[in-house]
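In what follows, a structure is listed as C-alpha cells, so that the remarks can point back to it.
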Amino acid sequence: MEKLKSIDIPFDIHKIRAEFPILQTEVHGHPLVYLDNAATTQKPQVVIDSLVEYYTQYNSNVHRGVHHLSQLATDGFEAARRTAQQYINAGSESEIIFTKGTTDGINLVAQSFAKAFLKPGDSIIISAMEHHSNIVPWQIVCQQYGAELKVIPMDENGELILSEYDKLLNDRVRLVSLPYVSNSLGTVNPVDLIIEKAHKSDIPVLLDSAQAIQHLPIDVQKLDVDFLVFSSHKVFGPTGMGILYGKEKWLDLMPPYQGGGEMIKTVTFEKTTYNELPFKFEAGTPHIEGAIGLDAALKYTQSIGLENIQKYEALLYQYAIEQLSTIDSLRFIGQAKHRAGAVSMMVGDIHPFDMGEILDKLGIAVRTGHHCTEPVMNFFKIPGTIRASFSFYNTFEEVDRLVTGIKRAKAMLS
Amino acid sequence: MEKLKSIDIPFDIHKIRAEFPILQTEVHGHPLVYLDNAATTQKPQVVIDSLVEYYTQYNSNVHRGVHHLSQLATDGFEAARRTAQQYINAGSESEIIFTKGTTDGINLVAQSFAKAFLKPGDSIIISAMEHHSNIVPWQIVCQQYGAELKVIPMDENGELILSEYDKLLNDRVRLVSLPYVSNSLGTVNPVDLIIEKAHKSDIPVLLDSAQAIQHLPIDVQKLDVDFLVFSSHKVFGPTGMGILYGKEKWLDLMPPYQGGGEMIKTVTFEKTTYNELPFKFEAGTPHIEGAIGLDAALKYTQSIGLENIQKYEALLYQYAIEQLSTIDSLRFIGQAKHRAGAVSMMVGDIHPFDMGEILDKLGIAVRTGHHCTEPVMNFFKIPGTIRASFSFYNTFEEVDRLVTGIKRAKAMLS
Amino acid sequence: MNIDQTQAEIVDDFSFFEDWMDKYEYIIQLGKELPIIDAAYKTPEHLIKGCQSQVWMHAEEKDGKVYFTADSDALITKGLVSLVIKVLSGHPAAEIAQSELTFIEKIGLKSHLSPTRSNGLLSMVKQMKLYAYTYMAQQQLKSQ
Amino acid sequence: MNIDQTQAEIVDDFSFFEDWMDKYEYIIQLGKELPIIDAAYKTPEHLIKGCQSQVWMHAEEKDGKVYFTADSDALITKGLVSLVIKVLSGHPAAEIAQSELTFIEKIGLKSHLSPTRSNGLLSMVKQMKLYAYTYMAQQQLKSQ
Ligand SMILES: Cc1ncc(COP(=O)(O)O)c(C=O)c1O
Ligand SMILES: Cc1ncc(COP(=O)(O)O)c(C=O)c1O
C-alpha cells in the first residue's frame with residue numbers, strides 16, 4: 001500500500017466515497033466493504049436525488065402529452081437517451097433502445113434477429129465464458145429455428161482460443177455474441193480482433209458489456225460493433241433499466257420484439273404500422289425514472305472520467321492480486337493477461353459458501369457460487385468461486401481487509 | 001359541491017394531498033390540477049422514501065447472495081411479491097410474476113401461451129375498446145401461428161355487446177383478453193360474466209387491469225380469472241415495474257418468455273433446466289427498487305382502503321359528469337352505465353389538442369388524442385378526445401377548475 | 001418588409017402580452033388571417049402529419065417570390081402556421097432558404113409550446129425551406 | 001435427554017458466545033461430531049440440494065428410534081446438520097414428527113444465517129420429519 005504515491009491516484013477517493021451513502025453504513029458492526037460490484041453497483045447521491053426530483057417535481061407519462069409535466073418528463077427521458085448515445089459514442093439517438101437490462105437486451109436481439117435472419121442449419125457463436133443471459137436466449141432461438149449454438153473454447157487461464165474461433169467462422173454463422181469482460185473470470189476479451197474477424201465474413205457481433213461499461217471507455221463506432229448491451233444497475237444507475245445499442249442497418253431490418261403502446265404508428269384491428277426507431281422497440285410506458293437515474297449516473301461517471309476510473313481500478317486490481325497472492329493455498333480462477341473488475345478464487349478446498357458467510361460476518365460483501373456461469377465452473381471442475389469485484393469507490397485499505405478476512409476465515413475453516 | 005356533506009367523504013382529502021409532494025407544485029403560475037391519472041399516477045412520500053431507503057441502506061443484487069445486503073434486498077423483494085399476492089388475493093406467491101408493466105405482461109402471456117397452445121385456425125378474442133397493448137401482441141402471435149384475432153364489438157355508449165361475444169365463443173378459441181376498465185371510455189366491463197361464459201368452454205381469460213387496479217378492489221380467486229396484468233406506475237408505484245398474475249396450472253404449462261440469469265436451475269451448453277415458478281418467468285436481475293416501491297405503494301393504498309377509494313371516486317366521478325354536463329355543446333365519448341377513472345369528451349368541434357394546450361396554460365393537466373386506442377377513435381369517427389382521469393387525491397374543487405377551464409378555452413377556441 | 005423586419009414586428013406585437021393566455025388569443029386570432037390552401041391541394045401529398053394535428057401546405061412561385069397557403073384542423077396550429085407564413089411568404093426563395101427564424105425563440109414559443117407543437121412548428125419551417133430550395137434548384141436548371 | 005432438553009442445552013451453549021464469529025467457530029466444531037453417512041448412501045437419492053451447498057442424509061430405525069447420518073460439502077452446513085441431528089436423532093419417530101425446533105430461532109440462527117443457509121436448514125428439518133412420518137406410516141401398516 002505504502003508504495004503507492006498519491007500522485008498515482010487520479011482522484012480524491014475520500015470525496016468520492018462520501019458521495020455514496022451506503023458506503024457509510026456498517027454491517028455486523030463493521031464498516032461495509034462492498035466487493036460485490038459485478039452483481040450490482042452502489043448509487044451516488046446525485047442518482048438518488050434525480051429520482052426524488054423526478055417524482056416530486058415532474059413525474060408524468062412521456063410522449064404525446066400536451067401538458068407541462070409530460071413535456072418535462074419527455075425532455076428528461078429523451079435527454080437520457082442522448083446522454084447514453086454520447087456515452088458510448090453512438091452515431092444516432094435512434095440506435096439507443098431502452099431495455100430492462102442486459103438480459104432483456106440480449107433476448108430482444110435474439111428473438112428479433114432470429115425472426116429476421118435465422119434459418120435451419122444456421123449457427124450462432126457464443127463463448128465458453130458466457131453469463132447464462134448470453135446462453136439461454138440463444139439456446140431458445142436455436143431450438144426454435146433449427147439452428148446450432150457453437151462455442152469458442154477457452155484455455156486454463158480463462159482466455160478465448162482464437163484459433164478455434166477462426167475455425168467456427170463460416171458462411172452459416174449468422175451472429176457472434178460474447179462478453180466484453182467476463183463476470184466470473186475478469187477476462188477482458190480482445191473484442192476488436194473478434195469483431196474484425198467476424199466482419200470479414202459479414203457476420204454481426206453483439207457485445208455483452210454488462211461488466212465493461214463501468215470499467216472501460218466504450219466507443220461503439222470505433223469498435224464497429226453491431227449490437228451492444230448493458231444494465232443501468234451495474235453502472236451506478238437504477239434497477240430495471242438497460243441500454244441496447246444497435247446499428248440502424250440491423251435494427252431497421254428486425255421486426256419489433258414486443259407490441260403495445262409507443263411502438264406503433266397506427267393501429268387498426270386489421271393492420272398495424274410500426275413506429276420508427278428507437279420507438280419501434282420500446283413498447284409500453286417506459287421506465288422513465290430509470291432513464292432519468294441512468295442519465296445522472298452516466299453524467300456522474302463522466303465527471304470523474306472513464307480514463308481516471310480505468311487507471312485507478314487497474315492499480316487497485318493489481319494491488320489486490322499481489323496481496324491475495326500472499327495467502328497460502330489461494331488460487332485464482334481466471335488468470336488472463338488482460339483483466340478487469342472481478343477476481344475469482346478458491347482457497348484450498350474451502351467451500352466458497354463457507355468463506356462468503358464468514359467474510360460477511362466481518363462486514364465484507366463478496367459473492368460466492370457459479371455467478372450465473374455454470375459452464376465456467378464445469379470447465380474448472382469447481383462448485384463455485386469466491387468473487388471479489390471492484391469499483392472505483394473501493395480502496396486499498398478495503399483490499400487489505402479482504403485479505404485479512406480471508407486469512408481469518410481460512411484459519412477457521414481449515 | 002355544497003351538497004356533499006363531509007360525512008360522505010371517507011377520508012381527509014387534505015391530509016392525503018399533503019402526502020403527494022408533486023400536488024403542492026405550480027404549473028404556469030397555477031396550482032397543478034393533475035387529471036392525467038390514467039396515463040400515470042403520482043407518488044406519495046412513502047413510496048419516494050422507500051426508494052431512497054433502498055439505495056442508501058440496502059441496495060444489492062437479490063437471490064443467491066450470502067452477504068447481509070443481499071439478504072436484505074432479497075427479503076424486501078420477496079416481501080413485495082407477497083404484498084402483491086395479498087393485494088389481489090392470489091392463491092400462491094409463485095403465481096405472481098414481476099414484469100416491466102402491463103404491456104410487458106401481455107407480451108409475455110401472448111408469446112408463451114401461443115408457443116404452448118396456439119395452432120393454425122385457432123382464434124383469440126379481444127374487444128373493441130382495447131388499448132394498443134392488448135391488440136398488437138395478439139396480432140403478432142396470430143400472424144406467427146396462423147390464428148385469427150376476433151373482436152367483441154361495442155355499442156355507441158361504449159358497452160360491449162355480449163350477445164356478439166356469445167357468438168364468437170367456440171372450440172377454436174384459445175384465449176379471451178380484455179380490459180377490466182377501458183382507459184379511453186371509462187367503461188367497467190362485466191368481467192365476471194365474461195369470464196364465466198369463457199370458462200363454460202374451458203377458455204382462459206386475461207384481464208388487462210391497468211385501469212382497474214387503482215380504482216377497484218380486485219380478488220383474482222373470486223373472479224376466477226386466469227391471467228391478470230397491471231402496471232406499478234398506474235397504482236402510485238415506480239415506473240418500469242408491473243405484475244402478472246397467472247394461475248399455476250397455466251404458467252406451469254407455458255415455456256419461459258426470456259432466457260438468462262435467475263430463470264434457470266442448471267445450464268450447460270447442451271441443455272438447460274428451467275427454474276420453478278415464479279422465477280421461470282423472471283430472467284435477469286429484476287427491478288428490485290421497483291418491487292420495493294410498489295410494495296410501499298400497495299401498502300399505502302391499502303392503508304386508505306380500496307373501498308374508501310372506490311366510494312370517494314364514485315362521488316367525484318358523478319360530480320364531474322354533472323358539472324361537465326352544464327357545458328354547452330360538450331358531449332361525452334363513452335356513456336356506459338358502469339364507469340370509473342376516465343371521462344372522455346369533445347366540446348363542439350374544438351380540436352382536443354387545442355383544448356389540452358389551453359387547459360395546460362391554466363395549470364390543468366389532461367390528456368388529448370387517441371389514448372393508444374385508435375380503434376375506439378375510428379369507431380366514434382373522431383380524431384381524439386379530451387380525457388380527464390381521476391384519482392382519490394383529486395378534489396371537487398379541481399373538478400370545478402376543470403369546468404371553468406374548459407369554458408374559458410371554449411370561448412377562446414370558438 | 002423583409003423577413004427580419006417582420007420577425008421584429010412580431011416580437012414587438014407579442015411583447016404587449018404579459019399573460020400567455022393573451023398570447024394564445026392572439027395566435028388563435030392570427031389563424032383567421034391564414035391564406036387558406038385551395039381545397040384542390042388539401043391532399044395527402046400536401047399533408048405535414050404532426051403527432052396530434054394535421055397541416056396541409058402549398059407553395060407557389062410568382063414573379064420570383066414564393067407564396068405559401070395552408071390549413072390545419074387545430075386552431076392553435078393554424079395560428080402558428082399563419083405566423084410563419086406571415087414571416088416567410090412573398091419573399092425570394094433564396095431569402096427564405098437562408099432565413100433564420102429567431103422570433104420563435106424570442107417570443108418564447110419554443111419553451112412554452114408543448115414539444116409536440118414546437119416540433120411540429122420546426123418541421124413546418126423545415127418543409128418551407130425545402131420548398132424554397134426546390135425553387136432555387138429549378139431556377140438553376142432553367143438558367144443553364 | 002429428550003428433544004426439548006437437548007434444545008435447551010444448545011441454547012445454553014450458544015449463550016456463552018457473544019460474538020458471532022465464536023458461534024461460527026462452534027458450529028464448525030460441531031460439524032466434526034456429525035455422524036457421517038455411509039459412503040454407500042452418498043447417492044443422488046439421499047441428496048438434499050441447497051442453493052450453494054449439498055447435503056446427503058440417511059435415516060435408519062433401530063429399536064423404535066430413528067437415527068440420522070449425513071454429510072455436506074460445506075463446513076458450516078455440516079455444523080448445522082450436526083446440530084439438528086444432535087437434537088432429533090435417536091428419538092421415536094412420533095416425537096420427531098411432533099417436535100418443535102425452537103432452538104433455531106432462539107440462538108438467532110434464523111436471523112443471522114444467510115436466507116439461503118437458513119432455508120436450507122428448514123428444508124433439512126422438513127426432510128427429517130418426513131422420514132419420521134414415513135416410519136410412522138410403516139409401523140401403522142405393520143400393526144394392522
Ligand atoms: C387499458 C390499458 N392497457 C394497457 C396499458 C399499457 O400500460 P403500460 O404502458 O404501463 O405498459 C394502459 C396504459 O396506458 C392501459 O390504460
Ligand atoms: C457478463 C454479464 N452478462 C449479463 C448479465 C445479466 O445482467 P442483468 O442481470 O442486469 O440483466 C450479467 C450480470 O450479472 C453479466 O455479468
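Just so we're on the same page: letters track the sequence lines, and every chain starts at 1.
If you measure heavy-atom distances from A/Gln139 to chain B, the contacts under 4.5 Å come from the side chain alone. Residue B/Phe20: no heavy atom, backbone or side chain, is found under 4.5 Å from chain A. For B/Asp49, no part lies under 4.5 angstrom from a heavy atom of chain A. Looking at A/Asp36, only its side chain comes within 4.5 Å of chain B, counting heavy atoms on both sides. Contacts between B/Thr266 and chain A at a heavy-atom distance below 4.5 Å involve backbone atoms as well as side-chain atoms. Looking at B/Leu108, neither its backbone nor its side chain comes within 4.5 Å of chain A, counting heavy atoms on both sides. For B/Lys271, the part lying under 4.5 angstrom from a heavy atom of chain A is the backbone only. Interface remark: A/Thr25 contributes side-chain atoms only to the contact with chain B (heavy atom separation under 4.5 Å). With a threshold of 4.5 angstrom between heavy atoms, A/Val62 approaches chain B through N, CA, C or O but not through any side-chain atom. For A/Leu23, no part sits under 4.5 Å from any heavy atom of chain B, backbone or side chain. There is no contact between B/Met241 and chain A, counting heavy-atom distances below 4.5 Å. When heavy atoms are compared at a cutoff of 4.5 Å, B/His68 approaches chain A by way of both its backbone and its side chain. Heavy-atom distances place the side chain of B/Val151, and not its backbone, under 4.5 Å from chain A. Proximity to chain A is limited to the side chain of B/Ile126, based on heavy atoms less than 4.5 angstrom apart. In this structure, the portions of A/Asp104 lying under 4.5 Å from any heavy atom of chain B include both its backbone and its side chain. The contact between B/Val366 and chain A is made entirely by backbone atoms, counting heavy-atom distances below 4.5 Å. Neither the backbone nor the side chain of B/His371 has a heavy atom closer than 4.5 Å to any heavy atom of chain A. Heavy-atom distances place the backbone of A/Pro286, and not its side chain, under 4.5 Å from chain B. Proximity to chain A (any heavy atom under 4.5 Å) is restricted, for B/Glu270, to the backbone atoms N, CA, C and O.
Taking chain A as the reference chain and counting heavy-atom pairs below 4.5 Å, the highest number among B/Gly101, B/Pro238, B/Gly363 is found for B/Pro238. Of all the listed residues (A/Ile48, A/Asp360, A/Thr373), the one sharing the greatest number of non-hydrogen pairs under 4.5 Å with chain B is A/Asp360. In terms of non-hydrogen atom pairs under 4.5 Å with chain A, the most contact-rich of B/Asn378, B/Thr285, B/Leu149, B/Leu51 is B/Thr285. The greatest number of non-hydrogen atom pairs below 4.5 Å with chain A, out of B/Ser231, B/Gly290, B/Pro21, is found for B/Pro21. In terms of heavy-atom pairs under 4.5 angstrom with chain B, the leader among A/Cys372, A/Gly260, A/Ala39 is A/Gly260. Ranked by heavy-atom pairs under 4.5 Å with chain A, the first of B/Gln45, B/Gln24, B/Lys115 is B/Lys115. Chain A forms more heavy-atom pairs under 4.5 Å with one residue of B/Gln42, B/Glu357, B/Gln57 than with any other, namely B/Gln42. Put simply, of B/Lys100, B/Glu289, B/Gln258, the one with the most heavy-atom pairs under 4.5 Å next to chain A is B/Gln258.
To the nearest 0.5 Å, atom NE2 of residue B/His287 and atom NE2 of residue A/His287 are 3.0 Å apart.
Across all their heavy atoms, A/Val267 and B/Pro375 have their closest contact at O-CD, 3.9 Å.
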